[in-house]
Amino acid sequence: MAVDRYNAPEREKHWRKAWDDAEIFRTEEDTSRPKYYVLEMFPYPSGRIHAGHVRNYTMGDVVARYKRAKGFNVLHPMGWDAFGMPAENAAMERKVHPKGWTYENIAAMRSQLQAIGLSLDWSREVATCDVEYYHQQQSLFLDFFNKGLVYRKKSKVNWDPVDQTVLANEQVIDGCGWRSGAPVEQRELSQWFLKITAYADDLLAALDTLDGWPEKVRVMQRNWIGKSEGLLMQFALEGKGLPAKQKTLEVFTTRPDTIFGASFCAISPGHPLAATLAKKDKALKEFIAECQRMGTSEEDIERAEKKGFDTGLTAAHPFEEGVKLPVYVANFILMDYGTGAIFGCPAHDQRDLDFARKYELSVTPVVIPEGENPKKFDVGDVAYIGPGLLANSSFLDGMTVEAAKDEIAGRLEARGEGERKINYRLRDWGISRQRYWGCPIPIIHCKKCGAVPVPKENLPVELPEDVTFDVPGNPLDRHPTWKDAVCPICGMPSQRETDTMDTFVDSSWYFARFCAPRDNKPVNRKAVDYWLPVDQYIGGIEHAILHLLYSRFFMRALTDTGHAAIKEPFARLFTQGMVNHETYKDASGAWVPADEVRIDGESGQRRAFHVSTGTELQIGPVEKMSKSKKNTIDPDAIIAHYGADTTRWFMLSDSPPERDVVWSDEGVQGAWRFAQRLWRIVAEASENCAKKGAKQPDAFSPAAEELRRATHRMADAVSKNIENLRFNTAVAAIYGFANKFEAALQGQKTAKDASLNWAVREAAELVSQCIAPFMPHLAEECWARLGYNSLVAKQPWPGVEEALLVDDTITIAVQVNGKRRDELTVQRDAAQADIEAAALELDGVKRAIEGRAVKKIIVVPQRIVNVVA
RNA sequence: GCGGGUGUGGCGGAAUUGGUAGACGCGCUGGACUCAAAAUCCAGUUCUGGUGACAGAGUGUCGGUUCGAGUCCGACCACCCGCACCA
């Protein structure tokens, strides 16, 4: 037979057109079938698809195609997270318009995604920069506003004085703007906030119900929300320079039980009291300035010494007459947690202990671990934070920590000097950005009426297109006319809000929009009631907190504003691993792009050479693909060369989906070889097997029986592995089956066996269907080769004959004293006594026993025999 | 420091949840086909000893439970990730 090859790139185009023509991935609501919503995190349209996208979307596509074949009504949409800074940067650097740049990128990436053969319903495509989309987002903003979930307040922001914009914390590197390099300033600006803290407790509690989420993500969110239960308490202040209005100091503590161990109070350098005192105290002013100069990076904090400034003020101990605690300004007290003030109990808090040792304050243990003598217990340099009984604590002595907390809280509440309080780390979400390429905040500022929402009938507030990027700052703010508006209440000339929304707002509800992407309301209630929650969400771990927490918040806010009726948007979440690649450096130590490297594996030694110059390169470690290390690969080129199926198959082979995968040419070639091989196998099988639809024989020869068992076992394994997202083991099952199938084809040549011919046909059909989620084009090719005019993509998932999954005779291992010595093939339902007898007759067993007496024989049916001698 | 996770051949990884450790792939070794190469096919591939049948060792380390442990328990080691002066 001539060496035939499957021309993947050409045939793949053909099959994609066939799917498009048949419109088989278009989805409508259909209450007669169970629904399944599978979603991958939508991409930012940077311009090129990268390997990580391919991996992410392929996984989702396997699930989508499988579930569709299983009879589910599958929603599998795609869109674009299209607002954001890169478009404006491109505008500044290359003098292109953000809009044009973005839509061109979308067009390029759409065709790249289509070349992967994803079973997406493109009719539902949305880009967050579409006017229709941000129109609806503005409408949602107004609904949230009316529900009290939106407010405006002054807050501190990172301000880049050169680019004249607010920077996110992540964009501040070593205290300087990431783009301009200018030292970032702290500025007080009025910002819009979404009241995510209103849901803090529910967002936390509901994490326990998210069984389909990775534990890791739930833990991260739990920590981020950071709930702590404690007590707000008032200390009476006295001393020289005490402001007239400041009679008390309010602190937050989670350990009110340790109040009798308190030896000082401390306030943050940012505390209003510190500022007041600093007006009359130069030294304090300098100390505060010094604290503010100190960096807030991890390293700085790690190295920073605990430092304090004694204000000379004292705080009266609430339960010990005459005891006065010195009040310090201390560098380790954060202004934005609790009240920005604490009482220090050195024996039971490491920071307080470090501080106390430095300033020689008393350290009195008040919680004594079991077995320690309260009189002798000394914490040394390590604060004791474990359980124990109270001591040295007046009326608390002998109580447990919990009882003591309760006692103190009760007494202070009775005196009106304390209040139980739950504190969260979670802050409200500041969404104002001084940027052009984002969703305009639909507000009009009127001198008389204040910040007034734009009436819904006047939406959308559209972005103007005639903007300039030649100078830094917000183009909306300096636009000659766009700002002009009239107050919707009083009709006076007013100004539009020129801030736009954080792009995380855009991605917080797109999954709901996909349910009815052209609806004239933001969210179509009927559609979301049918489709939501997303049954399987797939994306990167980097969104563990922000995007996933914001979306959970939005789902609740949508429900509270009548747009939906559920709280959790994503029933199951899967976080896939990254795609890594080897790195290469030339003699000068410069990174060499991976696509300019040729690998030579001769004599077992992997060596790298530069393609054009031929010089040898140094092979570096495998690392995450990144532009800086030049170890990215362009999936487009691989798809053009080997085809989408090979790329998809490779992406799912070998590595478990949650772990990182290493992209290697050898691996891609292996996948390509297998695609070719499978095609040959099915082609050969189709040539001399039973005709399609031939009647099932009454009896099967042993060879046919064996092939059928292998076939059905494979189909069963593939189903179960896809259900559990264990794509790598599904792939392995198909490989294993291909080996058996090929052996059967060899046998078929010599045997004139009609039942084997039938089994070969069955095998060819089932394997074509089972590879369809992974290699959908090749599956169609095979299906056609088998004589069908229909599409595999429209076939139901093959049923498995349960009877073929269990063998009549089974081979079990026989151990002697726990070591495997032989094996035994018996009838599946063989009697225990027979197995015991047969086991003792085995050569390997006899040899191992060496004539010793058999003490005991353990027979685990269908599993193992263990002879104890 | 706190939290989460991972340790299995040369490599990526399997292992029906306590029952034949190393499926499947990559790589490598030998062979067939070929003038040659590519492609393809066949055989082998945990380590040690042995021509061999076979024997011994073996899932990060040490110990325990069990007829039997990669899997369960205890103590440790290493690496990765997240958070971090949160009172």
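In the text below, chain A, chain B and the rest are named by the order of the sequence lines, each starting its count at 1.
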Practice prompt. Represent RNA chain B in dot-bracket notation, 5' to 3'. Only Watson-Crick or G-U wobble pairs with both distances under 3.5 Å count; pseudoknot-style crossings use [ ] and interstrand partners use |.
Written response: (((((((..(((......[....)))((((((.......))))))((((....))))..(((((..]....))))))))))))....
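- Heavy-atom distances to RNA chain B give each of A:Arg847 and A:Ile858 a nearest nucleotide, and the one nearer the 5′ end belongs to A:Arg847.
- Nearer the 5' end of RNA chain B, as judged by each residue's closest nucleotide, is the contact made by A:Val731, out of A:Val731 and A:Gly844.
- For A:Glu250 (side chain) and A:Leu232 (main-chain N/O), no donor-acceptor pair under 3.5 Å exists by modelled atom type.
- Side-chain atoms of A:Lys855 and base atoms of B:C67 include no donor and acceptor less than 3.5 Å apart.
- Remark: P of B:G25 and CZ of A:Arg648 are 21 Å apart, rounded to the nearest angstrom.
- Between A:Arg255 and the choices A:Val401, A:Asp349, A:Ile342, the side-chain contact (heavy atoms from CB on, under 4.5 Å) rule is met once, by A:Val401.
- Qualifying side-chain contact (heavy atoms from CB on, under 4.5 Å) partners for A:Ala608, counting only residues two or more places apart in sequence or in other chains: A:Tyr584, A:Val597, A:Ile599, A:Leu617, A:Ile619.
- Judged by the 6.0 Å distance and 45° axis criteria, A:Lys306 is positioned over the aromatic ring of A:Phe332.
- Remark: the separation of the C1' atoms in B:G13 and B:A21 is 13 Å, to the nearest Å.
- In terms of polar N and O atoms assigned as donor or acceptor, the side chain of A:Asn866 comes within less than 3.5 Å of the base of B:C67 in a complementary pairing.
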Sub-3.5 Å pairs of nitrogen or oxygen atoms, protein against nucleotides 11-14 of chain B:
from	atom 1	to	atom 2	distance (Å)
B:G12	O2'	A:Ser655	OG	2.9
B:G12	N2	A:Asp654	OD1	3.0
B:A14	OP1	A:Asn728	ND2	3.3

